[in-house]
Protein chains: 2
Amino acid sequence: MSEQSDTGRRPRTPRNTLSADLILDTALRLLDERGLDAFSMRALAEELGVGTMALYTYFRSKEELFCAARDRVFGRYAPPPRTGGPWHRQLREACLGLYQLFTGRPSVLQLLAEQHRAERPAEQGPAVGAVATMEHMLGLLRGAGIGREEAARAQTALVQYTVGAALRAGRTRCTDAEQRRRFQARLESLSAEDFPLIVDLAPELAAAQESTTQYAFGLDLILAGLRTAGSWEAAGRDDGAPPAQSD
Amino acid sequence: MSEQSDTGRRPRTPRNTLSADLILDTALRLLDERGLDAFSMRALAEELGVGTMALYTYFRSKEELFCAARDRVFGRYAPPPRTGGPWHRQLREACLGLYQLFTGRPSVLQLLAEQHRAERPAEQGPAVGAVATMEHMLGLLRGAGIGREEAARAQTALVQYTVGAALRAGRTRCTDAEQRRRFQARLESLSAEDFPLIVDLAPELAAAQESTTQYAFGLDLILAGLRTAGSWEAAGRDDGAPPAQSD
DNA sequence: GGCCCTACCGTACGCTGTACGTTAGAGACG
DNA sequence: CGTCTCTAACGTACAGCGTACGGTAGGGCC
């Protein structure tokens, strides 16, 4: 037969069937379906029906591809519609929107985690698409009469907390309930003498591992703190929230 | 000496020179010195002057070794001495201690990141050594009159924020100032029409990337929120911090 | 002395990312 | 139509990874 069926010599893809967008969409789909561990340039190429090295025509490396994938998702992010209402409520909505962007698709979470693991952050910009949300948050904070530096720090803290919570949420994907049961069991197996509270509160602690409610809880704590701080200039109580002068 | 220099055939290590502790200490040193990317079972074995597979006598896999390394560090963690004072100040000290544990050694941060990246968290327990700090935190919260569920959630939020901040801090290691300068430059290169506040606050936002001060700022926000929430039972204002009843 | 147990080790397999050089097909031009 | 060029797509190769498997030698025991 004319078919040289020797070990998968492929029939050479036509000429312009590939594109950066097609590659990125397929990569994101692969990440969603099979997870980061199952992802590889070879697997991606096979999914596209293409030789592995064809990918390197469009991206110089796997890391560059990941950055582009992340920017693609973030770039398409549409923040939730402005609801009006007090500034802290709007801030809450904005943060929840970000959180859901991060946790909505497994692939996004995995790209985030990978980015955090990277030794050298390279040139990867700051999540270009979500910048509008950053701007919105800063506007709300400044509008509430919060000073320049404090607004910047508060915005950073909110993003930091959101990313951290999203990463943590990613660890307990799939088998939510099962995972939490085992967590509880492990807490309860601790010495009740040395750690009476942990053992006693094990059910509550396990329940707090659930993601969205717990995220909202911490978020509301931060927002309440922001409201309390009130007059930022006149800060300096002996036991309140001093201007953070540790080393 | 009698070196058979033919391509590294080694002279067989005596019999009981290896031990789990020695392996873990060497692994942590390697991680501190050369980073996660340069770490491999082969490199670790070579550092020990030992065949690669000797490591598998003590650990079933690389992941198990990492978990043991993490537990070793956490297990040796001594929380800062109890200072007395109001509960929220003590809570602050406890969290700062945890944060410094996480950020103090590069290796710890890298193990944390790796753990967060893992697809299947396997059997890795909850950072066994730092459990005493968890207990301490819960005691402070409960002592402040905070309810069971809220205490558990607050404790989880504090740990979550701390880990998230530590991970973020890890990204800007080594070249701190340089990294922040580039971050600021990238912010300033955005369209001043679309993102006036970001461009305006670029210096402050870049400064907020610095780790410890920024961590303390967010921590104080959370603690202030905890103090404000006050009587937890009587919560239910229209715009305050409702008991987080999303999804 | 002889034996066993096991800590240590060498080899090998399948996987990874990607450097490098090759090839074929589309478009431009005579 | 023939030919030339440019480059998207490709195959091969390499160094390195984690680790399954089986071998080997040396310390402890009878």
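Chain identifiers are assigned alphabetically (A, B, ...) following the order of the sequence lines, protein sequences preceding nucleic acid strands; residue numbering begins at 1 within each chain.
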Whole angstroms only, please: what is the CD1-P distance between B:Ile23 and C:dA7? 11 Å
Using a heavy-atom cut-off of under 4.0 Å over every strand shown, decide if B:Tyr58 touches base, sugar-phosphate, or nothing. sugar-phosphate
How far apart are the closest heavy atoms of B:Glu135 and A:Pro196, and which atoms are they? OE2-CD, 3.1 Å
What is the distance, rounded to the nearest whole Å, between atom CG of B:Leu22 and atom P of C:dA7? 15 Å
Going 5' to 3' along nucleotides 21-29 of chain C, which nucleotides have protein heavy atoms under 4.0 Å from the base (write B), which only from the sugar-phosphate (write S), and which from neither (write -)? --BBBS---
For atom CD of A:Glu46, is the number of surrounding heavy atoms from other residues, nucleotides or ligands below 6.0 Å larger than 12? no
Evaluation steps, salt bridge (Lys or Arg N to Asp or Glu O under 4.0 Å), between B:Glu47 and B:Arg34: CA-CA 12 Å; B:Glu47 186 72 17; B:Arg34 290 188 235 168; 2.8 Å; yes
Any idea which heavy atoms bring B:Pro106 and B:Asp32 closest together, and the distance? CD-OD1, 3.3 Å
Measure up the B:Phe66 and B:Phe39 rings against each other and bin them: parallel (under 30°), tilted (30 to 60°), perpendicular (over 60°). tilted
How are the rings of A:Tyr215 and A:Tyr99 set to each other: parallel, tilted or perpendicular (split at 30° and 60°)? parallel
Answer yes or no: is there a donor N or O on one side and an acceptor on the other, between the side chain of A:Tyr58 and the main chain of A:Leu18, under 3.5 Å? yes
Mind calculating the distance between CG (B:Leu55) and P (C:dC9) to the nearest angstrom? 10 Å
How is B:Thr17 classified with respect to the nucleic acid when contacts are heavy atoms under 4.0 Å: base, sugar-phosphate, or nothing? sugar-phosphate
Distance, rounded to the nearest Å, where A:Leu44 contributes CG and C:dC15 contributes P: 17 Å
Find every protein N or O atom lying less than 3.5 Å from an N or O atom of nucleotides 14-22 of chain D, and list the pairs.
unit_1: D:dC17; atom_1: OP1; unit_2: B:Ser40; atom_2: OG; d: 2.9
unit_1: D:dG18; atom_1: OP1; unit_2: B:Lys62; atom_2: NZ; d: 3.2
unit_1: D:dG18; atom_1: OP2; unit_2: B:Met41; atom_2: N; d: 3.0
unit_1: D:dG18; atom_1: N7; unit_2: B:Arg42; atom_2: NH1; d: 2.6
unit_1: D:dG18; atom_1: O6; unit_2: B:Arg42; atom_2: NH2; d: 3.1
unit_1: D:dT19; atom_1: OP2; unit_2: B:Tyr56; atom_2: OH; d: 2.8
unit_1: D:dT19; atom_1: OP2; unit_2: B:Lys62; atom_2: N; d: 2.9
unit_1: D:dT19; atom_1: O4; unit_2: B:Arg42; atom_2: NH2; d: 3.3

For residues 187-195 of chain B, which side-chain donor-acceptor pairs fall under 3.5 Å, sequence neighbours excluded?
unit_1: B:Glu188; atom_1: OE2; unit_2: B:Gln184; atom_2: NE2; d: 3.1
unit_1: B:Ser189; atom_1: OG; unit_2: B:Arg186; atom_2: O; d: 2.8
unit_1: B:Ser191; atom_1: OG; unit_2: B:Glu193; atom_2: N; d: 3.2
unit_1: B:Ser191; atom_1: OG; unit_2: B:Asp194; atom_2: N; d: 3.0

